[in-house]
Each structure stands twice: as structure tokens, then as C-alpha cells.
Number of protein chains: 2
Amino acid sequence: MESSDLKKAGLKITLPRMKILEFLESSKIRHQSAEEIYRSLLNDGEEIGLATVYRVLTQFETAGLVERHHFESGQAVFELSEKGHHDHIVCVSCGKVEEFYDELIENRQREVADEKGYHVTDHSLTLYGKCPDCRDS
Amino acid sequence: MESSDLKKAGLKITLPRMKILEFLESSKIRHQSAEEIYRSLLNDGEEIGLATVYRVLTQFETAGLVERHHFESGQAVFELSEKGHHDHIVCVSCGKVEEFYDELIENRQREVADEKGYHVTDHSLTLYGKCPDCRDS
DNA sequence: ACGTTTATGATACTGAGAACCACTATCATT
DNA sequence: AATGATAGTGGTTCTCAGTATCATAAACGT
């Protein structure tokens with residue numbers, strides 16, 4: 001399952017790449033930083049270098065296996081791009097990340113860019129707010 | 001003009017703060033990094049420290065005089081918040097930044113968040129693409 | 001003008017991420 | 001299955017944006 005994903009992406013099958021992919025696929029947390037992924041793998045008893053984690057995640061991103069997001073935390077977080085495109089809503093209290101997709105917003109973005117003569121290659125939309133659980137705090 | 005802005009923001013009137021505000025108000029480039037602002041002030045013959053530029057920009061941001069944006073370049077850029085809210089479209093080739101405001105998108109964002117039970121405090125929407133001048137390159 | 005308080009700026013520090021490089025693993029070929 | 005060319009690994013160093021420290025200097029109420 002995993003190894004075929006790697007081959008499709010034109011990447012050689014190596015232990016670190018397998019481990020990282022497996023970890024991302026099995027983790028309940030969808031959005032994690034390179035450091036967090038690294039720590040988790042170490043805790044799982046894997047021998048892996050931080051540099052490798054950064055390198056592999058960048059390769060995965062280039063291959064389209066993974067998406068990198070820059071929320072306001074400063075450090076990038078990565079998520080498996082198994083789902084289609086979506087945007088994010090981040091809780092400013094607890095840091096929870098939810099995903100959403102809105103056809104109307106997507107289309108309007110393209111229109112706005114077209115009006116200005118731009119050819120959009122990418123966009124990032126992130127909403128920040130308090131999630132239901134954090135509304136009182 | 002400028003000093004009253006500072007007083008309103010609850011900030012003491014100091015030379016560095018004046019210089020930075022004046023620079024931002026007179027610069028034709030609306031979106032600049034702390035380092036760029038620092039360099040420009042040095043070139044203008046001002047004596048100012050990089051630490052002060054960072055410090056003052058953060059104070060300005062807190063006071064609402066300035067907005068900080070994290071585009072994909074890695075370093076933050078600052079802009080005077082004289083205009084109302086708006087989003088950005090960034091050229092991936094030349095780095096040019098344009099602004100836009102779309103009522104439809106704004107409203108829809110609020111609706112999407114409401115549906116999920118979030119109270120939105122902020123959002124960031126940035127489109128990336130090629131501007132008309134860079135379409136061929 | 002004076003003295004307290006706050007700001008400045010040179011420098012050291014931090015933390016995320018990339019670069020380097022000697023060593024190791026992968027895999028096509030034999 | 002052994003080989004060797006190629007690509008990957010991981011420890012470490014480096015870079016770069018931004019922050020903390022602290023001795024000095026400027027701001028402003030009295």
C-alpha cells in the first residue's frame with residue numbers, strides 16, 4: 001500500500017520514507033510539524049534523523065503526497081493530501097484544526113484573480129477563531 | 001500627524017518610532033519586511049537598530065497601526081493599516097502584492113465558520129499566481 | 001533643568017529549516 | 001547472490017528571522 005505510493009511518486013523505497021508515510025497514515029492527528037513527527041518516530045523506537053524528516057517531508061510535498069501549511073504558529077505543519085483540496089479553520093485557544101471546502105469561495109477566488117489578470121496557481125485561506133469547546137474560556 | 005497617531009496608540013513619541021511611521025507613510029511599497037525597512041532607514045542616513053525596528057513594528061501591530069502578514073516567502077511583511085480590511089494576491093514570479101476585497105467571500109467565510117460553531121476573530125486569505133507582467137516568463 | 005521611567009541599540013541567543021558530507025542502503029545488472 | 005553506480009541517510013554545521021539581555025540614552029512629568 002505505502003510502497004506503491006512511493007513508487008508512484010518517483011521516490012525510491014527506503015526505510016525512513018516508509019516509516020514517515022506509515023506514521024502519517026496511522027496518526028489520528030492530521031496536522032503535525034516536522035519536529036513532532038520526528039519526536040513521535042523516536043518514541044516509537046525508530047532510528048531516524050531530524051534532517052531526514054525535513055528532507056522527506058519536502059520530497060513528499062513536491063510529489064503531492066503531503067501538503068505543507070503555515071499557520072500562525074510559526075512552524076509549518078504537514079498533512080497527508082489524501083483528501084481533495086480544502087481550507088482550514090484553526091482554534092486560537094486550543095490549536096485544533098478543522099477542514100472545510102466551500103465551492104462558492106473557491107469560484108469567487110478565481111473570478112477575483114481573473115479580474116486582475118492573474119492566473120492563480122495556489123491559494124491559502126485560513127480562518128482563526130474560537131471553537132465551540134473554547135467559547136467560554 | 002504622525003505623533004498624534006502614536007499618542008492615540010498609547011506609545012511615547014520617540015525618534016525611532018516617528019522615523020518608522022514616517023517611512024511607512026511615505027514609502028510607495030506597501031508591503032515590506034522588517035529587514036527591508038531597517039535597510040531603507042539606514043540608507044536614508046538614520047541611526048537605528050534592527051532590534052528597535054522589530055520591537056517597534058510589533059508594538060505598532062499591537063496598537064493596530066500596522067498589520068503583519070506571513071506570505072510564503074518565510075519572512076513577515078508589514079503594511080500600514082490605514083485602509084480597511086482586505087486580502088492579498090501575490091505574484092509568485094516577481095513578488096508583487098496586490099490587494100482586494102470581496103464582500104461575497106467575506107460573508108461566506110463567516111457563514112462557514114458559524115456552521116461549525118466557531119466565532120471567527122481573524123482570517124487570512126492569500127492568492128498566489130502570475131501577474132499579467134509575468135504570464136510569459 | 002532634574003530625575004525617574006521607559007526606550008534604544010549592540011550583541012548574544014534561539015529555533016526552524018537547509019546545506020554539507022562521510023557513510024550506508026537501494027536496486028538494476030550481471 | 002554479489003557488485004557497483006546512484007541516491008538516501010543522519011549527525012553536524014550553517015543560515016536566517018526574530019527575541020532577550022543589558023548598559024546607555026532619550027522622553028517627559030514635576
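The chains referred to below are lettered A, B, ... by the order of the sequence lines, with proteins before strands, and numbering in each begins at 1.
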Task: Check: His85(A) ring centre within less than 6.0 Å of His123(A) ring centre - done: yes

Task: Nucleotide interval of DNA chain D bounded by contacts with chain B (heavy-atom cut-off, under 4.0 Å) - done: dA17(D) to dC28(D)

- [ ] Nearest-nucleotide wise, let me know which of Pro16(B) and Arg17(A) is further upstream toward the 5' end of DNA chain D.
- [x] Arg17(A)

Open item on the list: Measure CG/Leu6(B) against P/dA7(C) and give the value in whole Å, please.
Closed with: 12 Å

Task: Comparing Thr52(B) and Lys12(B) on DNA chain C - which has the more 5′ nearest nucleotide - done: Lys12(B)

Task: Distance in angstrom units between Gln59(A) CD and dA18(C) P, rounded - done: 11 Å

Task: Separation of dG9(C) C1' from Lys19(B) NZ (nearest whole Å) - done: 17 Å

Task: Separation of dA18(C) C1' from Glu61(A) CD (nearest whole Å) - done: 14 Å

- [ ] Report the C-alpha distance between Glu79(A) and His69(A) in whole Å, list the side-chain angles of each, state the deciding distance to 0.1 Å, and finish with yes or no for side-chain hydrogen bond (donor to acceptor under 3.5 Å, both in side chains).
- [x] CA-CA 8 Å; Glu79(A) 73 168 316; His69(A) 302 290; 2.7 Å; yes

Throw together a table of side-chain donor-acceptor distances under 3.5 angstrom for residues 97-105 of chain A, partners on residues two or more places apart or in other chains.
residue: Glu98(A); atom: OE2; partner: Tyr118(B); partner atom: OH; Å: 3.0
residue: Glu99(A); atom: OE1; partner: Lys83(A); partner atom: NZ; Å: 3.3
residue: Glu99(A); atom: OE2; partner: Arg30(A); partner atom: NE; Å: 2.8
residue: Glu99(A); atom: OE2; partner: His31(A); partner atom: NE2; Å: 3.4
residue: Glu99(A); atom: OE2; partner: His86(A); partner atom: NE2; Å: 3.4
residue: Tyr101(A); atom: OH; partner: Glu103(A); partner atom: OE1; Å: 3.4
residue: Asp102(A); atom: OD1; partner: Arg108(B); partner atom: NE; Å: 3.1
residue: Asp102(A); atom: OD1; partner: Arg108(B); partner atom: NH2; Å: 2.8
residue: Asp102(A); atom: OD2; partner: Leu104(A); partner atom: N; Å: 3.3
residue: Asp102(A); atom: OD2; partner: Ile105(A); partner atom: N; Å: 3.0
residue: Asp102(A); atom: OD2; partner: Arg108(B); partner atom: NE; Å: 3.3

- [ ] Report yes if a side-chain nitrogen or oxygen of Arg55(B) is closer than 4.0 Å to either non-bridging phosphate oxygen (OP1 or OP2) of dA7(C); otherwise report no.
- [x] no

Task: Test log, rule side-chain hydrogen bond (donor to acceptor under 3.5 Å, both in side chains), inputs Tyr38(A) and Gln32(A) - done: CA-CA 10 Å; Tyr38(A) 171 62; Gln32(A) 300 189 68; over 6 Å; no

TODO: Nearest whole angstrom, please: distance from the P of dT8(C) to the CD1 of Ile48(B).
DONE: 8 Å

Open item on the list: If you define the side chain from C-beta out and look only at heavy atoms, does anything of Val77(A) sit under 4.5 Å from Arg68(A)?
Closed with: no

Open item on the list: Is there a side-chain hydrogen bond (donor to acceptor under 3.5 Å, both in side chains) between Gln59(B) and Tyr54(B)? Walk through the geometry before answering.
Closed with: CA-CA 9 Å; Gln59(B) 291 160 350; Tyr54(B) 274 108; over 6 Å; no

Task: Rounded interatomic separation in angstrom, taking OH from Tyr54(B) and C1' from dT11(C) - done: 15 Å

TODO: Check the distance between dG17(C)'s C1' and Leu57(A)'s CG and give it to me in whole angstrom.
DONE: 12 Å

Task: Electrostatic pair Lys96(A)-Asp133(A), nearest N-O below 4.0 angstrom - done: yes

Open item on the list: Closest-nucleotide mapping onto DNA chain D: is Phe78(B) or Thr14(B) further toward the 5' terminus? I mean the 5' end.
Closed with: Phe78(B)

- [ ] Report, as yes or no, whether the 6.0 Å neighbourhood of atom CD on Glu115(A) holds more than 12 heavy atoms from other residues, nucleotides or ligands.
- [x] yes

- [ ] May I ask you to say what Leu50(A) touches in the nucleic acid, namely base, sugar-phosphate or nothing, with a heavy-atom cut-off under 4.0 Å?
- [x] nothing

Task: Validation row: Val120(B), Tyr128(A) side chains within 4.5 angstrom (heavy atoms) - done: no

Open item on the list: Heavy atoms within less than 4.0 Å of DNA chain D: which residues of residues 69-77 of chain B have one? Give them sorted by number.
Closed with: Gln75(B), Ala76(B)

Open item on the list: Please report the distance, rounded to the nearest Å, between CZ in Arg68(A) and P in dA16(C).
Closed with: 14 Å

Task: Phosphate contact (dG17(C) OP1 or OP2) by Thr58(A) side-chain N/O below 4.0 Å - done: no

